[in-house]
Amino acid sequence: MKAILSTEIELEIPFHDVDSMGITWHGNYLRYFEIARCKLLDRFDYGYRRMQESGYAWPIVDLQLKYVKPSRFEQKIRVSAALVEWENRLKINYQICDAALGERLTKGYTIQAAVDMQTQELCLVTPPVFRERLAPFIAAAEAKS
C-alpha cells in the first residue's frame, strides 16, 4: 500500500529502555511508534491537541508488531511512520531500522478510528476536518501519479 505521507525520526536506545541483558524491552517499541506517529500527525497540523480541539478522539483499535532483530542499549535507530489509509480509519505502517546499517529490526502498524467525543460514537468515515488537513498531501500524491 502506497503511503500518502511519511516521516522518520532517529533515536538512541537509552539505558532505562533495556533489560538486564542490554536488549530493548519489547513494550518500548510501541512508544517509539508513538513518537514517530506524533511527528507524522504534526506534519499536517492534526496532532493530538488538534484532534481534541476538533471534537474527535482517535483511539488505537488494532495494532501489530513483529520483532525481527533486537535493538540494544546505545544503538541508534531510525523509526519511520507512513500513513497508508485514511478514508474510513487511519492505518499507519512503521519500521524500525538500525540507523547505521539500515537493517530492519521491527515492523508493525496501528489502526485508529475516529470517535465523536460528544456522542462517544464511532465514526464510520474519516471526519471532514481530518480530510481538509490532509487534502494538500492527497492532491500532491495524485499529481505525482
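The first residue of the sequence shown is numbered 1, and numbering continues consecutively from there. Below, all heavy atoms of this structure are taken into account, side chains as well, without hydrogens, waters or symmetry copies.
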Ile13 vs Arg72, side chain to side chain contact (heavy atoms under 4.5 Å, CB included): CA-CA, chis, key distance, verdict: CA-CA 7 Å; Ile13 304 297; Arg72 301 178 184 282; over 6 Å; no

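- Atom SG of Cys97 sits about 10.5 Å away from atom CD of Glu10, to the nearest 0.5 Å.
- We find the CD1-CD distance between Ile4 and Glu87 to be 9.0 Å, quoted to the nearest 0.5 Å.
- Here Tyr67 pairs with Tyr29 under the ring pair (Phe, Tyr, Trp, His ring centres under 6.0 Å) rule; sequence neighbours left out.
- A distance-only check finds no donor-acceptor pair linking the side chain of Lys69 to the backbone of Arg104 [under 3.5 Å].
- A donor-acceptor pair is defined here as one N or O able to donate and one able to accept, closer than 3.5 Å; no such pair exists between the side chain of Arg78 and the backbone of Gly102.
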Side chain to side chain contact (heavy atoms under 4.5 Å, CB included) between Ile92 and Gln112, worked out: CA-CA 9 Å; Ile92 301 173; Gln112 295 171 257; 4.0 Å; yes

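- Here the CD1 atom belonging to Ile77 is positioned 7.5 Å from the CD1 atom belonging to Ile9, to the nearest 0.5 angstrom.
- In this structure, the side chain of Ser71 does not engage the main chain of Thr24 through any donor-acceptor pair within 3.5 Å.
- Under the 4.5 Å side-chain heavy-atom criterion for ILVMFWY residues, no single connected hydrophobic cluster contains both Val68 and Leu30.
- Note on ring orientation: taking the six-membered ring where Trp is involved, the planes of Phe130 and Trp58 are tilted (angle from 30° to 60°).
- Summarising the geometry, atom CG belonging to Leu11 is positioned 11.0 Å from atom NZ belonging to Lys76; distances are rounded to the nearest 0.5 Å.
- Legend: side chain to side chain donor-acceptor pair (under 3.5 Å) pairs involving residues 115-138, not counting sequence neighbours, sorted by first then second residue: Asp45-Arg133.
- Annotation: the span from Thr110 atom OG1 to Ile60 atom CD1 amounts to 5.0 Å, rounded to 0.5 Å.
- The line from CZ of Phe44 to CG of Leu83 is 6.0 Å long, rounded to the nearest 0.5 Å.
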